[in-house]
Each structure stands twice: as C-alpha cells, then as structure tokens.
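Please read the structure below before turning to the comments.
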Amino acid sequence: MNSSAFFRARFLVGTGVLLLALAGCGDDGSDFDVSQQIGPDPVLPEPTSELMPDMKIAEVVGWQDGTAPSVPDNLVIAAYAKDLANPRTVHTLPNGDVLVVQSREPSGKPIERPKDMIRGWIMSMAHGGGAGPQKESNLITLLRDTDRDGTVDERHDLLTGLNSPFGVAWHEGTLYVAAADAILAYPYQLGQAEITGEPRVLTPLPGGPINHHWTKDLALSPDGRYLYASVGSNSNVAERGLEAEKGRAAIWQVDRETGAARVFASGLRNPNGLIFHPETGVLWTVVNERDELGPNLVPDYMTSVQEGAFYGWPWSYYGAHVDERVHPPRPDMVEKAIPPDYALSSHVAALGLVFSNGSALPEPFANGAFIGEHGSWNRSSFNGYKVVYVPFENGRPAGKAQDVVTGFIEGDQARGRPVGVAIDGTGALLVADDAGNTVWRVAGADGRVTPSPVGTDGQRDSAVTSEATPPAGETGGTTGRAAPPATGATPPEPPQTDVAPATLPRATEQESPEPQQ
C-alpha cells in the first residue's frame, strides 16, 4: 500500500469510528414498537436530526452446511441454487425456466462528503464478500427444472458482463433487461440455453456518474404493450439539487415497440418490485423511503401505482408530512402528494414483491403479497431481514404482515439478506438472497404443484400448457394465476412536476450534472 492510500485508509477508519460513536449519543428509538408502522395508517414519530444517523451493521457470515432460513410448519424450504454472485432478482419465464439476475453497484461513483465514504464502507460490509477476490457478477443465469420436481436440472449463464442489471421481462421472442443506464432488448426464444444476438437499446435510463439508487426494475403490462421501469432518486432528499433528479424518483412507462417513454408516476424515492396484480391489472411497487430523520422514520411501503400520481418525494412523506430539510419548500407539491397504501415499518429496505394468487402454496398464503425485506443498517436495532406476507382481499391489502421466511439474522450476524421474490414454474416461492449467494425455494409441505407454469408477468407458454399433466401423486393442485385484464388504450400524459417531467429527455440530457452547492 502506498503512503497516500495508507493515510486515506486511516482517515476512513478513524472518521468511521468517530461518527459511529457520535451516532450512538442520541435517542436510538429502540423502545419503539415497529408493529405500529405496519399497515395503512402508520404511527409517525417526530423527526430528529443528528450529525450521523444511528447505525448497526450486521456481519455477513453466510450459511453453514445444513443451515437454511426458517419457515412455518405448513411450508418447507430448500436451496434452489447456490454459489451465485449477489443474486438480486428472480423471474419466471412462461415455460417455467427461472432467470436469476446477479449484480453489484456500478463503480466510479464520486465521493463528495466524508459521510459518503463511511456509507460506502458500511454498505460493503453489509453485503459481505470480504476483501479477497470476488466471483464475477453482473450476469443473468437460467435455472431449468425439467421434470418440475423443485430441483434444478440445468444451469446456464445467458448473459455476462452487463452494467449492473436488475429487472427483466420477456415477451414475443425478446428478453428485456434493465441495466443501470438503459433497457436492453435481446432476441431470445423460450427454451434456449444461450443468447448470442446483440441487444438493441430500447430506451436509455438515467445513469451515472452518480446513479445513487441504481437498481432499475421492470414489469410488463398485462396487454404486452408497455414496459414499466423503476428509477430511484439520485440522493436521499435532493441534496444534490433538483437538476440531478430529472426523470428520477419515478416509474416510467416505455412503449415496448418504439422505446418512447414517459413518467407514469413520480415522487417515489426508490421504487422496486414492480408487478401487476393478477386479478385487477393494477401496478404495485415497494418503495424505500428517506433516511436521517431518526430510526423510526420514514416507513418503507407497498403501494398501488396510480397513473399521474405524485407520492411526495422529496418535499413530503406519507401525504402532507413536510420534510423541512428540502429547499426551496413547495407547498403546492405537498398538497398534490398522496399517501401510499401500506406501510412496512422504517428502514426494512423492501426490494422484492410478488403476488401469490394461483400459486401452489397452502391456503393461508393463497391470496396476498410476499415482500423481500433486505434489512436495515441505519438504525440501532435491526429491522427487516426477512420475507413477509400481506393478505389481500378484492385486490387490496387486508390484514397485518406476517413473517414467512426468517432466520437471515441472528444476533449481530447475517447469514443472508433477501431481495427479489417470485413464484416458480411449479407454484413455489423463490427468494433471492444476495448476501448468502443463494436462491431459496419455499413450497407447501403437502407437495402440491400447479398444473402448468405461469410466468412472473402472468404469461403462459402454450406449448407447455397443452402438454402439462399433474405429476404422479399430486393432490389438489391449483389452477395457476389468472391473466390480468388488458390495459386498454394509451392513457393520457400525467401532470408535469419539477422532479419527474412528463416528457423524458433523451440520454444525453439525462446524465446527472454536478450537484448544486
């Protein structure tokens, strides 16, 4: 190590120790009942302001041989795929093949404040991997269960060398991949074990050099006409200036044929887990809310996404709760802000969302939403680090979230951290564990499977469906997810806002400029 690197390292460690010590000087909020923040009407304490927010970092130790997460008695869990490289997203194709998107944060993000260095160090610790060489990531792997017995029979790397991919979708011979700065379209037929064709850029997405929230998720509209892409904010609360937030903190609607794009909804700080409800055809997402207002503000949430709606970021949260840190204030935007549907409690880092309708899971989990909570690092006691289930009725949340997949954290050590969730081709739940480098499969203890696969985006493969027969010994299998209704005609343009303009600029205008001082 040269002298400059040595002193940088000493400064980083010394500053980290100091700030972590200062973080422990205030009210840590450990006596707050986080269950008060789960549901449609969360308790919101008064915001606090500190030099450095509370932090507690779990040491990632991984899964020892024979260990696995815990599930209720009517479920069973097993590793579906191991030895992955930061699996973030799982996506089931209409023929039952499963795509696992593995990725790491883009490099080259500028360091502007000492706090940024500390935060980067914290996040690297929280994701594990150690200081040694790491396995190649930024790739998409196909997992194939040929006999539908819940065990992977084939494994193929479809794409490698991608730019921090996250979301995927498939339709009519094309695989769409949301990388950190664009939606790419690859020619791909179901059943292929490799992709050799070059992609085309369907549309650019806001990218570097900062790209603070870099994960871009994808969902296909029920009629197949549009892709919906999530684009997180470029800061915590617009501290880099609003110019750096153009087209961000939003969900885009992208014409699948032409690439024409517009903002569908805005004011969503870091949305992920995009999916359409299989009965109502309504788009839903989970959102990571803002930091540095205290250990119990602001709750992350799940919400339906209304066309043209504004959800508050950065000026307010949960409707009219003003964030006084944002300047200049915009009472007109606060007045427009609508509250989300369902709070998940603060700093759980909700990243994955899938509906269970038509799965092969037992009745208590037959009509609702599974949510992957990656887990907190910015509060004094851990929150999240699990997969929860929220029951639904008539397409809406209808009850308290309940823990389903737990055991990712014990004491101050994390065996893994759940991210994306999906229903596989047999109707079981899949969970991507990016710190444990594993995809877990959660099935009903009764062994039921669906008669035929249904893709994550609600599609069926006609060849598979016509040939499908229930496996020997199957009893009471479900019928698969119903296809959502078509979306109909092109909706009108949403109202323009300062954060997310209704007409998106092209790539050269979307690159983030230097932050305002």
Side-chain angles (χ1 to χ4, degrees), residues 38-39 68-72 74-78 80 87-92 98 100 150 167 217 219 271-279 282-288 300-304 341-345 348-375 384-393 395-408 416-434 438-445 448 450 454-458 478 480-481:
I38 298 175
S70 301
V71 295
N74 56 351
L75 301 174
V76 293
I77 187 167
Y80 195 65
R88 307 279 188 164
T89 306
V90 277
H91 183 97
T92 302
V98 172
V100 183
D217 206 1
N272 283 286
L274 298 185
I275 192 165
F276 283 86
H277 192 277
E279 294 176 348
V282 173
L283 181 64
W284 286 75
T285 188
V286 288
V287 177
N288 287 198
D300 295 341
Y301 59 84
M302 170 180 64
T303 193
S304 59
D341 291 308
Y342 194 95
L344 298 166
S345 76
V348 297
L351 292 173
L353 173 65
V354 71
F355 291 108
S356 65
N357 304 64
S359 70
L361 296 166
E363 182 60 34
F365 308 108
N367 180 15
F370 289 105
I371 300 164
E373 297 182 351
H374 198 225
Y385 292 90
K386 59 189 175 183
V387 177
V388 301
Y389 175 80
V390 178
F392 269 54
E393 290 181 6
R396 306 289 302 173
K400 278 285 188 182
Q402 51 193 284
D403 296 351
V404 177
V405 190
T406 59
F408 289 94
R417 303 184 74 185
V419 190
V421 288
I423 303 298
D424 76 0
T426 70
L429 173 69
L430 297 180
V431 180
D433 172 1
D434 70 341
T438 301
V439 170
W440 301 98
R441 180 177 183 269
V442 180
R448 291 191 302 170
T450 53
V454 180
T456 294
D457 288 316
T478 58
R481 287 188 289 170

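Keep in mind that this is a model prediction, so the values were computed, not measured.
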Checklist entry - Under the salt bridge (Lys or Arg N to Asp or Glu O under 4.0 Å) rule, what pairs show up with a residue in residues 359-373, not counting sequence neighbours? => result none
Checklist entry - CZ of R417 to CZ of F408: how many Å apart, nearest 0.5 Å? => result 11.0 Å
Checklist entry - In chain order, what residues pass the side-chain contact (heavy atoms from CB on, under 4.5 Å) check against P271, with sequence neighbours excluded? => result S230, I251, L268, T285, V287
Checklist entry - Which residues satisfy the side-chain hydrogen bond (donor to acceptor under 3.5 Å, both in side chains) test with T426, sequence neighbours excluded? => result D424, R441
Next on the checklist: As an exercise, state the distance from CH2 of W284 to CZ of R396, rounded to the nearest 0.5 Å.
Outcome noted: 4.5 Å
Next on the checklist: If the condition is side-chain contact (heavy atoms from CB on, under 4.5 Å), which residues does A343 pass it with, not counting sequence neighbours?
Outcome noted: P42, P299, Y318
Item to check | By ring pair (Phe, Tyr, Trp, His ring centres under 6.0 Å) - contacts of Y80 (at least two apart) | outcome: none
Checklist outcome for this item: Applying side-chain hydrogen bond (donor to acceptor under 3.5 Å, both in side chains) to T438 and not counting sequence neighbours gives none
Checklist entry - Looking at residues at least two apart in the chain, or sitting in another chain, which of them share a side-chain hydrogen bond (donor to acceptor under 3.5 Å, both in side chains) with D433? => result W63, W440
Next on the checklist: Between R88 and D434 (salt bridge meaning N to carboxylate O under 4.0 Å), is one present in this structure?
Outcome noted: yes
Checklist entry - Who are the side-chain contact (heavy atoms from CB on, under 4.5 Å) partners of V76, not counting sequence neighbours? => result A443, A445
Checklist entry - What pair of heavy atoms forms the shortest contact from A349 to D300, and how long is it? => result N-OD2, 2.7 Å
Checklist entry - So, the side chain of T89 versus the backbone of G167: is there a donor-acceptor pair under 3.5 Å, distance only? => result no
Item to check | Pairwise distance CG(D457) to CG(L274) - rounded to 0.5 angstrom | outcome: 10.0 Å
Checklist outcome for this item: Applying side-chain contact (heavy atoms from CB on, under 4.5 Å) to T406 and not counting sequence neighbours gives S70, K386, D403
Checklist entry - Per the ring pair (Phe, Tyr, Trp, His ring centres under 6.0 Å) rule, which among F276, F370, F392 passes with F355? => result F392
Next on the checklist: Rounded to the nearest 0.5 Å, what separates atom CG in L353 from atom CE in M302?
Outcome noted: 6.5 Å
Checklist entry - Which residues pass the ring pair (Phe, Tyr, Trp, His ring centres under 6.0 Å) test with F365, sequence neighbours left out? => result Y389
Next on the checklist: Please enumerate all residues that pass side-chain hydrogen bond (donor to acceptor under 3.5 Å, both in side chains) together with N367, with sequence neighbours excluded.
Outcome noted: N357
Next on the checklist: Distance check, rounded to the nearest 0.5 Å: S359 atom OG versus I423 atom CD1?
Outcome noted: 5.0 Å
Checklist entry - Closest approach of V90 and G420, non-hydrogen atoms and distance? => result CG2-O, 3.8 Å
